[in-house]
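Read the structure below first, then the notes.
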2 protein chains.
Amino acid sequence: MADGRGTSSHSGENLLFLTDEQLRQAIEAMFFAYRGFTADPDRILVDMAYGRAHHRAIHFINRAPGTTVNNLLGLLGVTKQSLNRVLRTLIADGLVQSQVGKSDKRERHLHLTEAGRALEQTLSDAQRVRMRSAFREAGPEAVAGFRTVLETMMDPEMRHSYMRLKENGG
Amino acid sequence: MADGRGTSSHSGENLLFLTDEQLRQAIEAMFFAYRGFTADPDRILVDMAYGRAHHRAIHFINRAPGTTVNNLLGLLGVTKQSLNRVLRTLIADGLVQSQVGKSDKRERHLHLTEAGRALEQTLSDAQRVRMRSAFREAGPEAVAGFRTVLETMMDPEMRHSYMRLKENGG
DNA sequence: TTGGAAAGTCAACAACGCTGACGTAAACTT
DNA sequence: AAGTTTACGTCAGCGTTGTTGACTTTCCAA
């Protein structure tokens, strides 16, 4: 594992892309790219009283309208106290609407208001601009590879959530 | 931009991979994958008094031994006060060594100690395990695409830093 | 009817970003 | 030689976002 090679010896395939050095570079690429990935929405959010956590909540409520708090908790991977702080401000500011469940009145179903949808548009438009130009520059084959690797990198539960959202959205 | 298509009309190429929905899925993939990406080192760090910021500092000091504080600042993209808080504990704990510059005595050159290198190994081994299995599963072509997209996604300055590190490491 | 899940709240805390201000030493620039 | 800039460290204070722990209310289900 610390031998400078990704694996010992294999059935003749070229596994040079699995060397520690290659993996190290990929780790750095993830780090730098993620910085770029979040930079654009972050710039918008600083002006308002919001942060990245608000963006994430808004994103997933838009993506899965009517989702419950518990479900959102699973998607975001944070504690309910942490999410609650964010949701409270979003509801108070009229960006998110929380309605008691019909069949199960313990649950709260979350929806974006008109204003919430507007902010979501602004944020995701900003984020997509970078993505789109990167995708266009890299080309369809690179993009396919990109997504394949990201998907295999996720924890199984995250992959499951991701796939469900994917089916929903088309 | 909110028309459900990535672009309006083009010279006959298939640009379906640039639709808003495709980009939205990619954004979610980045989010979920990055969670996985940081999960393993994070688990190790909680036991010690360290966090992700310590990991990043250790990573880049290992990667660019003898780097100055200023240079590290640029790589990490944080303020010197933020970095200093992290460096102070790492130096106090004997993981990082800071030596006054020879030619320019204002500079501090940073190196990992034996203990620092040991921790770096532990952390990056943990992180590479996931990367390696994802890479192996996805295959070389997917990995190449993955890296291409990440690189085009970076801010130009970050890409520059990334490339310089790449040349250094081989 | 009682146990427990779901949701919300309060309090306290930690990691890690930020700004602003200040100090020191070394290195440049004029 | 004097003045300015650069590199670094540090203090103080603040904001976002994560955490635990404890506690209440609501309400479904056994």
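Reminder, nothing fancy here: chain letters follow the sequence lines and each chain counts from 1.
Put simply, A:Met48 and A:Leu112 are part of the same group of oily side chains (I, L, V, M, F, W, Y) that touch within less than 4.5 Å, one to the next.
Within the structure, a side-chain polar atom (N or O) of A:Arg56 is placed less than 4.0 Å from OP1 or OP2 of D:dG18. An OP1 or OP2 oxygen of C:dA15 is reached within less than 4.0 angstrom by no side-chain nitrogen or oxygen of B:His54. Applying the 4.0 Å criterion to OP1 and OP2 of C:dA5, one finds that A:Asn70 has every side-chain N and O outside that range. Neither OP1 nor OP2 of D:dC8 sits under 4.0 Å from any side-chain N or O of B:Asn84. Here B:Thr79 does not reach the OP1 or OP2 of C:dG17: none of its side-chain N or O atoms lies under 4.0 Å away. For D:dA7, neither phosphate oxygen OP1 nor OP2 lies less than 4.0 angstrom from any side-chain nitrogen or oxygen of B:Arg108.
Between B:Phe32 and A:Met153, every side-chain heavy-atom pair lies at or beyond the 4.5 Å cut-off.
Rounded to a whole Å, the CD atom of B:Gln99 is 13 Å from the P atom of D:dG9. Atom pair A:Leu73:CG and D:dT20:P shows a separation of 12 Å (rounding to whole Å applied). Following rounding to the nearest Å, A:Glu107 (CD) and C:dG8 (P) show an atom-to-atom distance of 11 Å. Atom CG in A:Asp42 sits roughly 13 Å away from atom C1' in C:dC18 (whole-Å rounding). Across the protein-nucleic acid pair, B:Ile91 atom CD1 and D:dG9 atom C1' stand 10 Å apart, rounded to whole Å. The distance between atom CG of B:Asp47 and atom P of D:dT19, rounded to the nearest whole Å, is 16 Å. The CG-P distance, from A:Leu83 to C:dC10, rounds to 16 Å in whole Å. Rounded to an integer number of Å, the gap from CE of A:Met48 to P of D:dT16 is 13 Å.
Within the nucleic acid shown, B:Ala57 has no heavy atom closer than 4.0 Å to any nucleic acid atom. If you check every strand for non-hydrogen atoms under 4.0 Å, B:Arg85 touches a base. Note on B:Ser103: only backbone sugar-phosphate atoms sit closer than 4.0 angstrom, heavy atoms only; bases stay farther off. In this structure, B:His109 reaches neither bases nor backbone, as no heavy-atom distance under 4.0 Å exists between it and the strands shown.
Using a cutoff of 4.0 Å between basic side-chain nitrogens and carboxylate oxygens, A:Arg130 and B:Asp155 are scored as salt-bridged.
Here the nucleotide nearest the side chain of A:Ser82, chosen from D:dG18, C:dT9, D:dA7, is D:dG18. Between D:dG9, D:dT5, C:dC16, one nucleotide has an atom nearer to the side chain of B:Arg52 than all others, and that is C:dC16. Of all nucleotides listed (D:dT19, C:dA7, D:dC11), D:dT19 comes nearest to the side chain of A:Val78. Side-chain proximity of A:Val69 to D:dC8, C:dA7, D:dG18: nearest is C:dA7.
Side-chain atoms of A:Arg106 and base atoms of D:dT26 include no donor and acceptor less than 3.5 Å apart. Residue B:Gln81 places a side-chain atom within donor-acceptor reach of the base of C:dG20, judged by atom type and a 3.5 Å distance cut-off alone. A donor-acceptor contact under 3.5 Å links the side chain of A:Lys80 to the base of C:dA7.
If you run ring pair (Phe, Tyr, Trp, His ring centres under 6.0 Å) between A:Phe31 and each of B:Phe60, B:Tyr34, B:Tyr162, only B:Phe60 comes through.
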Begin with the C-alpha distance, continue with both residues' side-chain angles, and end with the deciding distance and a verdict on side chain to side chain contact (heavy atoms under 4.5 Å, CB included) for A:His55 and A:Glu120. CA-CA 8 Å; A:His55 182 193; A:Glu120 198 283 333; 5.9 Å; no
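We find the OG1-CG distance between A:Thr67 and A:Leu75 to be 6.0 Å, quoted to the nearest 0.5 Å.
In this structure, A:Asp104 and A:Arg88 both approach DNA chain C, and ranking their closest nucleotides by distance from the 5' end singles out A:Asp104.
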